[in-house]
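Please read the structure below before turning to the comments.
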Amino acid sequence: MVKRYGNVIKVKPEKLEEYKMLHADVWPDVLKMIHACNIRNYSIYYKDSYLFSYFEYIGEDFKKDMAKMAADPVTQNWWELCDPCQEPLKARLDGEWWASMEEVFHTD
């Protein structure tokens, strides 16, 4: 079963071009880890200082897969470059970097 996720975070205005540049050439090992953690159809959009991410999760244990990703040294290095570009929302849950969004509509 596929579960869809939407998340939002702010991007620092002075870091927008850097963030775009990083994502124009994502490291192959980061992409492999995303795939290994059962994430598909991953997109990030930008509008008015906000980043919106969408992805589909096809695995059976989201927390386990996210822990696997967080433990990966290459992914950690990638996040060290990306995180300074971002500004988490105040209205996020404890432990979240990107704030989770509630899906209110979907159609296939």
Side-chain angles (χ1 to χ4, degrees):
M1 183 172 132
V2 174
K3 179 157 171 53
R4 292 173 299 278
Y5 286 85
N7 301 286
V8 64
I9 198 165
K10 290 186 90 171
V11 64
K12 295 175 183 174
E14 70 276 13
K15 296 284 194 171
L16 177 60
E17 291 309 314
E18 178 181 349
Y19 191 83
K20 287 180 177 182
M21 193 171 61
L22 286 166
H23 286 80
D25 191 23
V26 178
W27 301 344
D29 287 343
V30 170
L31 297 174
K32 287 178 192 171
M33 181 55 62
I34 289 169
H35 195 266
C37 292
N38 296 304
I39 292 176
R40 304 293 186 274
N41 265 346
Y42 189 10
S43 299
I44 299 174
Y45 298 86
Y46 170 77
K47 178 69 175 170
D48 295 335
S49 78
Y50 288 92
L51 297 170
F52 163 72
S53 74
Y54 169 84
F55 62 87
E56 297 169 354
Y57 178 72
I58 62 167
E60 296 180 15
D61 191 338
F62 185 73
K63 286 185 180 183
K64 181 179 175 184
D65 281 332
M66 295 307 97
K68 175 181 175 178
M69 184 179 296
D72 176 57
V74 175
T75 300
Q76 290 172 3
N77 290 338
W78 177 255
W79 290 345
E80 285 177 14
L81 295 175
C82 294
D83 287 359
C85 298
Q86 302 167 340
E87 182 181 327
L89 277 63
K90 292 178 182 164
R92 68 185 192 277
L93 298 176
D94 286 340
E96 285 186 332
W97 184 252
W98 286 67
S100 300
M101 299 174 75
E102 176 186 359
E103 182 179 79
V104 296
F105 177 77
H106 172 79
T107 185
D108 283 323

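Keep in mind that the numbers below use all heavy atoms, side chains included, and drop hydrogens, waters and symmetry copies.
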Could you give the distance from [atom1] ([X]) to [atom2] ([Y]), rounded to the nearest 0.5 Å?
X: E14; Y: L16; atom1: CD; atom2: CG; result: 10.0 Å
X: L51; Y: C85; atom1: CG; atom2: SG; result: 9.0 Å
X: D65; Y: Y57; atom1: CG; atom2: OH; result: 3.5 Å
X: L93; Y: S100; atom1: CG; atom2: OG; result: 5.5 Å

Inset, instruction - Can you establish whether the number of heavy atoms outside K12 located under 6.0 Å from its atom NZ is more than 12? - result: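 It does: K12 NZ has more than 12 such atoms within range.
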Legend entry - Criterion salt bridge (Lys or Arg N to Asp or Glu O under 4.0 Å) against R4, the qualifying member of E56, E102, E103: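 It is E103, the one option of E56, E102, E103 that forms the salt bridge (Lys or Arg N to Asp or Glu O under 4.0 Å) with R4.
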With clusters defined by side-chain heavy atoms of hydrophobic residues (ILVMFWY) lying less than 4.5 Å apart, directly or transitively, does [Y] cluster with [X]?
X: I58; Y: Y5; result: no
X: V30; Y: L81; result: yes
X: V8; Y: V11; result: no
X: Y54; Y: L89; result: yes

Legend entry - Other ILVMFWY residues reachable from M21 by side-chain steps of under 4.5 Å: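 Other cluster members: none.
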Would you say the side chain of [Y] lies within less than 4.5 Å of the side chain of [X], judging by non-hydrogen atoms?
X: N7; Y: W97; answer: no
X: F55; Y: I34; answer: no
X: E96; Y: I9; answer: no
X: F62; Y: N38; answer: no
X: K15; Y: Q86; answer: no

Inset, instruction - Please report the C-alpha distance between M69 and I39 in whole Å, then the side-chain angles of each, then the deciding distance to 0.1 Å, and finally whether the side-chain contact (heavy atoms from CB on, under 4.5 Å) criterion is met. - result: CA-CA 11 Å; M69 184 179 296; I39 292 176; 3.9 Å; yes
Inset, instruction - Fit a plane to each ring of W78 and H23, take the angle between them on a 0 to 90° scale, and name the class: parallel (under 30°), tilted (30 to 60°) or perpendicular (over 60°). - result: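 W78 vs H23 ring planes: perpendicular.
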Legend entry - Cation over ring face, K20 and Y46, 6.0 Å, 45°: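 Yes, cation above the ring, under 6.0 Å and within 45°.
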Legend entry - Pair Y42-V26, side-chain contact (heavy atoms from CB on, under 4.5 Å): steps then yes or no: CA-CA 12 Å; Y42 189 10; V26 178; over 6 Å; no
Inset, instruction - List in chain and number order the residues that pass side chain to side chain contact (heavy atoms under 4.5 Å, CB included) with K32, two or more places apart in sequence or in another chain; answer none if no residue qualifies. - result: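 Counting only residues at least two positions away or on another chain, K32 forms a side chain to side chain contact (heavy atoms under 4.5 Å, CB included) with D29.
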Legend entry - Exercise: identify the closest heavy-atom pair between A99 and A91: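 Heavy atoms of A99 and A91 come nearest at CB-O, 4.2 Å.
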Legend entry - Closest non-hydrogen atom pair, F52 against G6: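 Minimum heavy-atom separation between F52 and G6: CE1-CA, 3.9 Å.
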